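Lettering of chains follows the sequences in order, A, B, ..., and the numbering in each one begins at 1. Computed from a predicted model, the values in this text were never measured in an experiment.
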Amino acid sequence: MTQAEPLVSKPSVVAIRDLHKSFGALEVLKGISFEAREGEVVSLIGSSGSGKSTLLRCINMLEVPDQGSVSIDAEEIRLRGRPPHRQIADEHQIRRIRSELGMVFQSFNLWAHLSILDNVMEAPLVVQKRPRAEVEAEALAMLAKVGIAEKAHAYPNQLSGGQQQRAAIARALCINPRVMLFDEPTSALDPELEVEVLRVIKLLADEGRTMILVTHDMEFARSVSDRVIFLHQGLIEEEGTPDQVFGATRSARLKQFLNAASHT
Amino acid sequence: MSDDLAFWLGYLTNGKHLTWYASFQFTIFAALLGGSLAVIFGLIGATLKNSRYLPLRLIGSFYSSIVRGVPDVLFFLFFPLAFEQAVEWLVATQVCTPELIAAQSAAWPPCQAANWYLGTPEYLILASVSLGLVYGAFATNVIHGALRAVPRGQLEAARAYGMSASQVLWRVHIRQMWVYALPGLSNVWMLVVKATSLLSLLQIADIVLWADRLGAPNFLPTVGLVHDDWRWRYYLVLFVFYIIVTLLSERGFEALMRRAGRGILSERTN
């Protein structure tokens, strides 16, 4: 898609080319290419099993693709070997790149044995090796930003799901990420807790952060995204601005999907 | 009445009894060192079992499955002796000249210069290592299972934030593993404690050996140890000692569990 948007002129932060991934006999991704540019919010939508979470997890190599490449800031992540034994070639490179990708998981995955503050400080201290005083000040600021400053010394299991997910967002923010990766961040939450997390994500989008978001929430995808990508059976079926994708849907499959989504 | 009291006070504080009391330190030392080594060998064994490399995995599995099946008494006799003779053999290859070997009349060691005299401290350390090796095989299984019980998402998050494999292992995996391992490790610890009653097999004058001697009829008439067969009374004291150790251990493990389970076991408070 080449749209006359100002974002097109910005450099691409995440570039994915011809990504393939199979789990056993099941081919989940069948050749996907897309880019996320500086400051862009890209939403990945599609039914369960369309490969959207797998695609997101390929960006930071939690899943290693069988074929194709992922580049962050024009630096390609080096892989070696042949599928199904393809693996990361350079541990130092992937650790450096991962330390700039803020991942937010569906099930939060806050480290259970650490307080909220220690969760937020962990990666900056032990991976980025930044000075503790600086990290602590920034961590507290991030917790204040997501609205849970008073929970800094609580453990994750003492928080509600919405608070845990906001803490997880603060953890991602504290590494000063180039890109935020959200893997269905509200799917494990009750509707009333969803709102508080969506509000924080919207705030980050408005700040001009580069974000890639996997979501089931069509309304939210429409309100927050610069670009929406609809995946169907491992391929990009339709791609465009929210108005194009939701307002002027061309693909019959997407129409069907949106129709089904609006009835749930 | 006061005569009786004076008698018992004198009887229970005579030199032989004081030696008996002092020998409790051997038992406690062997339990603590043996238990610590069991955990260390368990961590090593579990790491081997989890290794990416097949030969290391095989060593780990071999250790946990074979050594668990060896009777502890047998291993207790075998390991220190084998270790001692192996050292003597190694030393012999370096220091024994043909003349020295010719001058040696005993079958072992090859020459007198290669003889390694083991006193109580050496035997105590060898005994502790034996305990560690035998019960480390049990701890290997316990820790291996506990490592698998840590939720995958916890490790995935650590990897996603750029931690190295060893940081993931030590900062998240092993740190969270304890809460699942502690119930099993407390069993292993109790087995180690019970096995400390075997120390006398290794020439260590431990609490069991002394109870046996002091309780025997007319052990040392010259120093006033004249009585019938009182062994059961002395054994009863040992029972009480082991029961106290058990109770203290339970307290200790409860405290460890509270510490390791913080954030993992505590109730939601909101």
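Take Arg148(B) and apply the side-chain hydrogen bond (donor to acceptor under 3.5 Å, both in side chains) test, not counting sequence neighbours, and it matches no residue.
Of the two parts of Arg171(B), the backbone and the side chain both hold a non-hydrogen atom closer than 4.5 Å to a non-hydrogen atom of chain A. Interface remark: Ala260(B) contributes no atoms to any contact with chain A (heavy atom separation under 4.5 Å). In this structure, the portion of Arg175(B) lying under 4.5 Å from any heavy atom of chain A is its side chain and not its backbone. Of the two parts of Gln154(B), the backbone and the side chain both hold a non-hydrogen atom closer than 4.5 Å to a non-hydrogen atom of chain A. For Glu156(B), the parts sitting under 4.5 Å from any heavy atom of chain A are the backbone and the side chain alike. Heavy atoms of Ala154(A) lying under 4.5 Å from chain B are absent altogether. Of the two parts of Leu181(A), neither the backbone nor the side chain holds a non-hydrogen atom closer than 4.5 Å to a non-hydrogen atom of chain B. Only the side chain of Ile175(A) comes within less than 4.5 Å of a heavy atom in chain B; its backbone stays farther off.
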Val64(A) and Ile88(A): CA distance, side-chain angles, deciding distance, side-chain contact (heavy atoms from CB on, under 4.5 Å) verdict: CA-CA 7 Å; Val64(A) 177; Ile88(A) 290 155; 4.3 Å; yes
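The pair Arg86(A)-Glu63(A) fails the salt-bridge criterion, with no side-chain N (NZ, NE, NH1 or NH2) lying under 4.0 Å from an Asp/Glu carboxylate O.
For the 3.5 Å distance criterion, the side chains of Thr27(B) and Asp206(B) fail to qualify, holding no donor opposite an acceptor. A side-chain N or O of Lys49(B) and one of Ser64(B) form a donor-acceptor pair less than 3.5 Å apart.
Ring-centre distance between Tyr135(B) and Phe138(B): below the 6.0 Å cut-off.
In this structure, Arg259(B) is not positioned above the aromatic face of Trp178(B) in the sense of NZ or CZ being under 6.0 Å from the six-membered ring centre and within 45° of the axis.
For residues 117-127 of chain A, the interface with chain B (any heavy-atom pair closer than 4.5 Å) comprises Glu122(A), Ala123(A), Val126(A), Val127(A), sorted by residue number.
Met257(B) CE to Leu265(B) CG: the interatomic distance, rounded to the nearest 0.5 Å, is 5.0 Å. From Glu184(A), atom CD reaches atom CZ of Phe105(A) across 13.0 Å, with rounding to the nearest 0.5 Å.
Top candidate by heavy-atom pairs under 4.5 Å with chain B, chosen from Glu91(A), Gln128(A), Arg57(A), is Arg57(A). For chain A, the option among Pro151(B), Gly153(B), Ala157(B), Ala165(B) with the highest count of heavy-atom pairs below 4.5 Å is Ala157(B).
Without hydrogens or angle criteria, Thr186(A) side chain to Leu189(A) main chain gives no donor-acceptor distance under 3.5 Å. A donor-acceptor pair is defined here as one N or O able to donate and one able to accept, closer than 3.5 Å; no such pair exists between the side chain of Tyr180(B) and the backbone of Leu147(B).
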